[in-house]
Amino acid sequence: MSDPQMIRIFDTTLRDGEQSPGATLNLQEKIEIARKLQAMGVDVIEAGFPITSQGDFDSVYAISQEIENAIICGLSRCVPRDVQRAGEAIQKAKMGRVHVFCATSKIHREKKLNKAIDEIIRISVESVKQAREYTDDVEFSPEDGSRTELDVLVQITQAVVEAGATTINIPDTVGYAVPQEYGHIFKYVREKLPMLDEKGIYLSSHCHNDLGLAVANSLAAVQNGCRQIECTINGIGERAGNASLEEIVMVMRTRKDYFAKYTNRIDAKKIYSLSRMVSNFTGLSVQRNKAIVGQNAFAHESGIHQDGMLKDRNTYEIMDPLDVGIPESKLVLGKHSGRHAFRDRLNQLGYQPDETLLQRSFEAFKALADKKKDVYDEDIEAILDEQIGQTRVLWELDRFQVTSGSGVIATATVVLKDSTGAKCTEAATGDGPIDAVYSAIQKASGVKVILEDYTTRGVTGGKDAQGEASVKIRHGDRSVRGRGLSTDVIEAAAKAYLAAINRIKSASEATDSGVHL
Ligand code: KIV
Ligand code: ZN
């Protein structure tokens with residue numbers, strides 16, 4: 001067989017993924033995710049939508065400076081100021097891309113844009129030309145492409161390619177397409193425009209998962225000449241999310257027989273830790289039965305299955321969990337491990353902490369090692385993710401005490417310490433210990449919030465396992481998430497709540513321009 005075709009993996013976790021409700025990431029978290037994406041081998045990282053806020057602009061700019069081995073992409077509407085912001089944000093990238101989009105389907109033309117197709121083509125062409133002033137690498141997306149008349153798609157594709165677009169992405173924006181139909185769009189456009197292949201233009205898929213078909217649609221596109229797949233870690237994204245990167249990669253890998261014509265650069269062993277990191281940072285937990293990275297993805301419950309597995313794993317397992325980097329709970333460090341050993345382990349796990357982060361994480365590790373006999377890689381990753389999430393610690397939990405029990409009103413006393421070291425003590429009652437602690441924290445910090453979501457999970461097994469709490473709180477019209485870790489579940493819950501409150505307090509940094517998709 002001749003050389004298999006290289007399929008570009010375009011990750012949009014930091015842009016479309018971050019559009020998942022409540023999934024705001026801070027700058028440090030975005031940089032850490034981008035580093036891991038680079039290490040995993042993604043070809044393109046869509047780092048943000050620079051016009052939407054100063055925070056988005058800054059993160060695309062910072063990631064452009066940081067990442068050398070992937071194309072860094074900024075999204076833009078077909079509006080001159082948008083294109084300018086996206087162009088400026090990728091200015092420092094070794095390989096930078098501007099991605100412009102304009103809706104093309106009849107319903108979007110008539111109801112949303114109130115523009116005729118000629119006008120849409122005109123502004124798209126103008127924007128592509130403007131984007132080319134910043135970079136030679138320009139992607140164009142006809143938004144709601146899968147519901148656009150095929151001839152309109154051909155017309156606009158021809159016009160923007162002539163204007164300088166080098167990648168044409170045809171999105172299934174509302175997750176409406178079915179695989180055969182979506183594949184056909186790619187075939188049709190290529191047949192009508194032989195110049196796409198002649199000029200080496202990349203066709204790209206971008207599928208949403210409203211009907212659960214995002215991965216199937218992406219693969220159907222590939223079989224019809226698409227050479228770039230847009231996807232996200234854990235499939236996060238608007239509404240039901242985007243095509244999931246880990247599923248796409250593992251289908252192509254596990255079914256090499258079927259997809260022999262194609263290859264990609266992804267190191268699948270990095271999938272699991274990236275999935276954990278994205279889940280930790282966004283607060284979006286991975287559904288237990290999620291393919292590839294869900295907690296049950298490799299668990300065998302039925303006796304018949306377990307028996308088969310013992311005889312030969314291949315009876316019921318089509319992938320080896322080690323191939324996606326699911327750790328074998330290795331005991332790595334203990335109470336007597338020093339700072340050097342700790343730093344080395346972090347580097348092996350793919351983190352490059354600066355001195356401050358290293359020091360904070362090392363102190364958290366030492367505190368944990370005092371309480372917990374065995375410290376595993378998962379514990380260390382959880383500590384790092386927690387520390388990275390806390391860019392500005394305004395309030396810290398100094399100590400707390402709770403009384404609760406059946407027939408007793410739960411009462412909590414908390415002592416918070418602010419960044420100057422000043423302490424504030426408050427007490428409150430509540431419906432159970434966590435409610436009481438949360439009320440006391442609200443009183444002490446002076447920040448009034450509504451609790452929208454609260455979950456816990458054990459990071460590792462055993463009696464002394466670390467518990468990880470994750471909360472989502474609302475303050476005005478803003479929802480934020482926070483995580484906390486501890487061997488004590490109430491302390492983990494208190495830390496998570498405080499982390500979210502700290503985020504609210506420091507949120508004014510990134511002023512929102514009000515532009516959203
Ligand atoms: O879903 C969509 O259409 C998008 C575009 C901006 C590519 O996210
Ligand atoms: Zn999208």
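Atoms within each ligand, like the ligands themselves, are counted from 1 in listed order. The chain is numbered in sequence order, starting from 1. All heavy atoms count here, side chains included; hydrogens, waters and symmetry mates do not. Note that this is a predicted model, so its numbers are computed, not measured.
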Is it the case that ligand 1 has an N or O less than 3.5 angstrom from some N or O of H206? yes
Salt bridge or not for K30 and E18, using N-O below 4.0 Å? yes
Does atom NZ of K187 have more than 12 heavy-atom neighbours from other groups under 6.0 Å away? no
Check whether any heavy atom of R15 sits under 4.0 Å from an atom of ligand 1. yes
By number and element, which atoms of ligand 1 are closer than 4.0 Å to a non-hydrogen atom of H208? 1 (O)
In terms of side-chain geometry, is the basic nitrogen of R483 or E468 positioned less than 4.0 Å from the acidic oxygen of its partner? yes
Going by the order shown, which atoms of ligand 1 are within less than 4.0 Å of some heavy atom of E143? 3 (O)
The answer for which part of T173 has a heavy atom under 4.0 Å from ligand 1 is both
Apply side-chain hydrogen bond (donor to acceptor under 3.5 Å, both in side chains) to residues D58 and Q54 and explain how you reach the verdict. CA-CA 6 Å; D58 292 344; Q54 186 60 40; 2.9 Å; yes
Is the closest N or O pair between D144 and ligand 1 shorter than 3.5 Å? no
Here's one to test your reading of the geometry: is the NZ or CZ of R77 within 45 degrees of the ring axis of F101 and under 6.0 Å from its centre? no
Reference residue H206; test side-chain hydrogen bond (donor to acceptor under 3.5 Å, both in side chains); the match among D172, T173, D16, N217: D16
Check whether Y351 forms a cation-pi arrangement with K36 (NZ or CZ under 6.0 Å from the six-membered ring centre, at most 45° off the ring normal). yes
Find, among atoms of D16 that are N, O or S, the one nearest to the Zn ion (ligand 2), and state its name. OD2
Please work out whether any backbone atom (N, CA, C, O) or any side-chain heavy atom from C-beta onward of E139 is under 4.0 Å from ligand 1, and answer side chain, backbone, both or neither. neither
May I ask you to check whether E238 brings an N, O or S atom to under 2.8 Å from the Zn ion (ligand 2)? no
